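What follows is a single structure, written as C-alpha cells, with notes after it.
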Number of protein chains: 2
Amino acid sequence: MRIGELAERTGTSRRLLRYYEEQGLLSPARSPNGYREYSEAMVDRVLQIRGLLEAGLPTRIVKRILPCISKPRTIHFSDATPETIAMLERERERLTKRIDCLTRSRDALSGYLDALLAARRAAQEAALTAAGTAPAATVSAEA
Amino acid sequence: MRIGELAERTGTSRRLLRYYEEQGLLSPARSPNGYREYSEAMVDRVLQIRGLLEAGLPTRIVKRILPCISKPRTIHFSDATPETIAMLERERERLTKRIDCLTRSRDALSGYLDALLAARRAAQEAALTAAGTAPAATVSAEA
DNA sequence: CTTGACATTCACATTGATGTGAAGGTTTGA
DNA sequence: TCAAACCTTCACATCAATGTGAATGTCAAG
C-alpha cells in the first residue's frame with residue numbers, strides 16, 4: 001500500500017511516516033515511480049512504534065529494540081555480542097521501571113476514582129433518604 | 001530543604017524544578033530571603049513527576065492527576081463532577097494503554113534476550129565439544 | 001570585608017517530535 | 001487534455017522539555 005493508506009490505517013500523519021523512515025524505523029520499498037510501497041505488516045509495526053514513542057521512548061531507542069520485538073522472531077547472530085546483550089538488558093530494565101511507575105500511578109488514580117465514586121454514591125443515597133422527609137434535594141450528580 | 005539539595009536528591013536540575021513550579025506541579029514555600037523551601041515530601045513528589053514525564057505524559061496531564069495520586073489520599077469534593085470523573089477515567093484508560101504497550105514490548109524483548117542467551121550458550125557448548133577433537137575454537141562469546 | 005557557594009529572575013538556545021506549505025512529478029478518470 | 005488526488009523532496013515553523021548563562025542577591029567562613 002502507499003503512504004496515504006498507511007497513514008489512514010494507523011492514524012499517523014504522512015509526515016511522521018516519512019520521519020520514522022528517516023530515523024531508520026521503517027524501510028518501505030519504492031515503486032518505479034518513487035512512491036513508497038508499504039507491506040501489510042507495516043501497519044502493526046507503525047502502531048508499535050507509535051505506542052513506544054507515546055510511552056516516552058526516543059526514536060533512537062525504538063530503533064534499537066524494534067528488530068528484537070518484531071513478529072517473525074528471528075535471532076540476529078550479530079546481536080550475540082556482550083555489548084548488545086548488555087544494551088538490551090539495560091533497555092529491558094528501563095522498560096520495567098517505566099511500567100512500574102505507570103502502574104503505580106494508574107493504581108493510585110484508580111483507587112482515587114473508586115473512592116470518589118463511592119463518595120458520590122453515598123451522597124446520592126443521603127439525598128434520597130433526605131428526600132423522604134424534606135423535598136427539593138439539590139445534589140448535582142447525574143450519570 | 002533548598003533547591004540545590006532537592007536537585008541532588010532527585011537527580012533533577014534546578015532549572016527543571018523551577019520549571020515544574022512554573023507549570024503548577026510544585027509549590028514550594030519561600031524563605032524570607034526569597035529562596036524556595038521544599039518539604040521532605042517533595043522528594044517523592046518530584047520523583048513521581050519525573051516518572052510520569054519520562055513515561056510521556058505532558059505536564060498538563062501530570063498536573064491534573066498528581067493531586068489524585070499523592071500520598072495523603074484526600075478526596076477533593078470538587079472532583080465529584082461528571083466532567084472531572086470522566087477526565088480521570090480517560091486518563092486511567094490512557095495509562096493502561098501505555099502500560100499494556102510497554103509490557104508487551106518488554107516481554108517480547110525479554111523473550112528475544114532469552115533466546116539470544118540460549119543460542120549463545122549452545123554455541124559455547126558446541127565449541128567446547130569441538131575442542132575435544134579439534135583445538136583452537138574461535139567463538140567470540142565471553143561473559 | 002571579602003570570597004565562594006548558594007540562591008534569584010530572565011532571556012535565549014537546543015533538541016525531538018510534529019505541523020505546514022511550497023514546488024513539482026504521476027496517475028486516473030471525465 | 002485537463003483536473004483531482006495522489007505522490008515526491010525540502011525548508012521552515014511550532015511546542016514542550018530542557019540546557020546555558022548573564023546579572024544580581026544572600027549567607028557563611030576565613
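So that the names make sense, note that chain A is the first sequence line, chain B the second, and so on, each numbered from 1. Computed from a prediction, not measured in an experiment: that's the story for all the values here.
The nearest pair of heavy atoms linking B/R45 to B/S70 is NH1-OG, 3.2 Å.
Listed by chain and number, the residues in a side-chain contact (heavy atoms from CB on, under 4.5 Å) with B/A7 are B/R14, B/L17 (sequence neighbours excluded). For B/I75, the side-chain contact (heavy atoms from CB on, under 4.5 Å) test picks out A/Y112, A/A115, A/L116, with sequence neighbours left out. In this structure, the side-chain contact (heavy atoms from CB on, under 4.5 Å) partners of A/A108, at least two apart in sequence or on a different chain, are B/I69. Judged as a salt bridge (Lys or Arg N to Asp or Glu O under 4.0 Å), and not counting sequence neighbours, the contacts of B/R50 are B/E54. Qualifying side-chain contact (heavy atoms from CB on, under 4.5 Å) partners for B/Y35, counting only residues two or more places apart in sequence or in other chains: B/R2, B/S31, B/N33.
Proximity of residues 62-69 of chain A to DNA chain C (heavy atom under 4.0 angstrom from any strand atom) is not detected for any residue.
To the nearest 0.5 Å, atoms CG (A/L113) and CD (B/E89) are separated by 5.5 Å.
Applying the salt bridge (charged side-chain N to carboxylate O under 4.0 Å, His left out) test to residues at least two apart or on different chains, the pairs with a partner in residues 26-43 of chain B are B/R9-B/E40, B/E21-B/R30, B/E21-B/R36. Sorted by first and then second residue, the salt bridge (charged side-chain N to carboxylate O under 4.0 Å, His left out) pairs with a member in residues 55-66 of chain A form an empty list; sequence neighbours excluded. Screening residues 93-113 of chain A for salt bridge (charged side-chain N to carboxylate O under 4.0 Å, His left out), with sequence neighbours left out, gives A/E91-A/R94.
Among the protein residues, B/R36 comes within range of the sugar-phosphate backbone only, with heavy atoms under 4.0 Å from sugar or phosphate atoms but none that close to a base. Among the protein residues, B/S13 comes within range of the sugar-phosphate backbone only, with heavy atoms under 4.0 Å from sugar or phosphate atoms but none that close to a base.
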Please list, pair by pair, any protein nitrogen or oxygen found under 3.5 Å from a nitrogen or oxygen in nucleotides 12-17 of chain C.
unit_1 : atom_1 : unit_2 : atom_2 : d
C/dA17 : OP1    : A/T59  : N      : 2.8
C/dA17 : OP2    : A/Y19  : OH     : 2.6
C/dA17 : OP2    : A/T59  : OG1    : 3.1

Between N or O atoms, less than 3.5 Å apart, protein on one side and nucleotides 23-27 of chain C on the other: list the pairs.
unit_1 : atom_1 : unit_2 : atom_2 : d
C/dG25 : N2     : A/Y35  : OH     : 2.7
C/dT26 : O4'    : A/Y35  : OH     : 3.4
C/dT27 : OP1    : A/N33  : ND2    : 3.3

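For DNA chain D, the contact window with chain B, defined by any atom under 4.0 Å from a protein heavy atom, covers D/dA16 to D/dC27 in 5' to 3' order.
Side-chain contact between B/V62 and B/Q23 is absent, with no heavy-atom pair separated by less than 4.5 Å.
Follow the hydrophobic side-chain contacts under 4.5 Å out from B/F77 and you never reach B/I65; the two are in separate clusters.
Within 6.0 Å of atom CD in A/E125, 12 or fewer heavy atoms from other residues, nucleotides or ligands are found, so the atom counts as exposed in its surroundings.
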